[in-house]
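As structure tokens, the structure follows; a few thoughts come after it.
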Protein chains: 2
Amino acid sequence: MKSTERHHPAASSRERLVEATRELLWEQGYTSTTPAEIRARAGVGQGSMYHHFPTKADVAAEAMLRNSAELERAMDDYLKQTPSPAGSVKSYLSKPRDGQKGCRFGRMTLDNAVLENERLRGPVADSLAWYRRRIEHLLIDGQARGELRDDFSAEAVAATIIAIVQGAHVLARADRSQAAFDRVIEGGLTLLAGLERRA
Amino acid sequence: MKSTERHHPAASSRERLVEATRELLWEQGYTSTTPAEIRARAGVGQGSMYHHFPTKADVAAEAMLRNSAELERAMDDYLKQTPSPAGSVKSYLSKPRDGQKGCRFGRMTLDNAVLENERLRGPVADSLAWYRRRIEHLLIDGQARGELRDDFSAEAVAATIIAIVQGAHVLARADRSQAAFDRVIEGGLTLLAGLERRA
DNA sequence: GTCTATACCGCGATAGAC
DNA sequence: GTCTATCGCGGTATAGAC
């Protein structure tokens with residue numbers, strides 16, 4: 001009920017609609033975001049929105065696809081900074097995050113309306129799976145280089161690493177505190193250290 | 001749009017309303033659950049519902065409080081079966097769960113309407129914190145008995161254990177598969193094993 | 001304590017002019 | 001491509017009889 005107007009006046013209407021939707025999906029989720037809010041934040045008129053996108057689900061689907069592309073690229077860039085595979089996994093876990101805002105994808109999974117629409121669920125499932133495989137390959141690489149023990153399933157542990165971040169968001173939101181988030185990450189790093197090859 | 005009528009004819013109207021709300025909150029979350037659905041599943045009339053509870057938030061708050069009481073008791077019962085503290089933590093992780101249905105509490109944290117109402121958020125935060133402390137004490141106990149290493153923060157790791165379960169639900173829902181849930185748990189058990197005192 | 005009827009509002013989408 | 005005006009529907013709650 002406050003800052004509904006944050007125009008991006010440089011871009012096209014269509015572009016502004018997608019960006020506004022991306023923000024609102026993150027802040028409020030899918031069901032709670034109304035076409036009127038999207039329109040207001042994008043600074044476009046009522047009819048204009050329906051000219052570019054037939055339904056709310058269509059704007060949302062485009063916003064989610066853009067999320068997939070951007071976040072996967074961002075993760076690649078982020079991980080490029082760390083040379084060692086095991087270090088990259090630690091780095092992924094301890095990456096600074098706003099615990100209460102949540103993961104753009106994870107946030108969607110509790111909304112039945114998203115899960116029931118394949119065009120909305122698809123990008124969510126695909127991106128989370130992409131993250132998992134990315135971590136999995138880092139773990140396998142770490143095992144190959146002898147940084148990590150080789151007696152565990154990289155696939156399963158990678159899934160757990162992703163889940164830890166998702167769960168941290170859940171606890172941070174419930175507790176309304178970043179500290180709850182950070183505590184989960186601290187424990188995650190502790191658990192991860194147990195996989196390092198013993199000296 | 002299907003099985004809306006599952007009366008519990010034995011109990012009082014008020015009782016049936018609370019139970020119906022508990023089920024619907026689990027299946028659909030708070031915002032997506034309508035008073036009409038609650039009324040229909042409980043098998044009570046329109047006015048009757050508003051006689052017992054002034055607003056939807058009031059029924060929901062009562063349902064959440066009951067969830068807290070019941071689930072905390074259930075966890076106590078469940079953990080009583082395992083003698084060793086470290087075994088109890090493993091047991092908590094590997095407890096059979098419907099991955100796609102989610103945790104009754106975790107499911108609520110992605111709904112802004114819940115977080116903005118202290119009477120709804122309170123039981124969620126309290127119960128998740130209660131779970132965390134329960135696990136924390138098991139870990140401390142395990143450290144004291146020498147089952148577990150003593151060089152880690154039981155508080156942080158306990159938070160991570162809870163987060164793993166919450167995150168597993170997120171991934172299972174995104175992937176629409178129990179396998180995604182089970183994989184996270186498998187990785188969690190692997191990580192947990194790294195905390196055991198070395199032979 | 002339970003019922004039916006009804007009111008209000010905002011979401012999601014459409015119509016049609018410019 | 002953008003605008004204003006409008007519509008149908010369902011969520012949430014109230015009124016008032018029995």
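Numbered from 1 within each chain, the chains take letters A, B, ... in sequence-line order. Quick caveat: nothing in here was measured; it's all calculated off a predicted structure.
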Between atom CD in E37(A) and atom P in dC11(C), what is the gap in whole Å?
7 Å
Note: E37(A)-K56(A) ion pair, threshold 4.0 Å (strictly below):
no
Check K80(B) with D77(B), please: is the shortest side-chain N to carboxylate O separation under 4.0 Å?
yes
Residue-phosphate contact under 4.0 Å: H51(A) side-chain N/O, dT2(D) OP1/OP2
no
Ion pair check, E118(A) and R121(A), cut-off under 4.0 Å
yes
M49(A) has an atom CE; how far is it from atom P of dA5(D), in whole Å?
19 Å
Under 4.0 Å between a side-chain nitrogen and a carboxylate oxygen: does that hold for R22(B) and E19(B)?
yes
Side-chain N,O (H52(A)) to OP1/OP2 (dT2(D)) below 4.0 Å:
yes
Closest approach to the side chain of S48(A), judged atom by atom: which nucleotide of dT14(C), dT4(C), dC3(D) is it?
dC3(D)
Separation of atom CZ in R16(A) from atom P in dT2(D), rounded to whole Å:
8 Å
To the nearest angstrom, how far is Q46(A) atom CD from dA17(C) atom P?
18 Å
On DNA chain C, compare the nucleotides closest to A36(A) and G47(A); which residue's is nearer the 5' end?
A36(A)
Would you indicate what S32(B) reaches in the nucleic acid, counting non-hydrogen atoms under 4.0 angstrom: base, sugar-phosphate, or nothing?
nothing
Ion pair present between E70(B) and R104(B), side-chain N to carboxylate O less than 4.0 angstrom?
no
Could you tell me whether the phosphate oxygens of dG10(C), OP1 or OP2, come under 4.0 Å of any side-chain nitrogen or oxygen in T34(A)?
no
Nucleotide nearest T55(A) (side chain, heavy atoms from C-beta), chosen from dT2(D), dA13(C), dA13(D)
dA13(C)
Angle separating the five-pair end axes of the helix from dG1(C)-dC18(D) to dC18(C)-dG1(D), nearest 10°, is 10°
Side chain of V44(A) (C-beta onward), nearest among dT4(C), dC3(D), dG1(C)
dC3(D)
Measure the distance from OH on Y50(B) to P on dT2(C) and round it to the nearest whole Å.
16 Å
Short side-chain to backbone donor-acceptor contact, R173(A) and L115(B), under 3.5 Å
no
Assess whether a salt bridge exists between E27(B) and R41(B), defined as any Lys/Arg side-chain N lying under 4.0 Å from an Asp/Glu carboxylate O.
yes
Interatomic distance where NZ belongs to K56(A) and P belongs to dT14(C) [whole Å]:
15 Å
Length of the CG-P vector between D58(A) and dG12(C), whole Å
14 Å
If I take atom CZ in residue R39(B) and atom P in nucleotide dG11(D), what distance separates them, rounded to the nearest angstrom?
11 Å
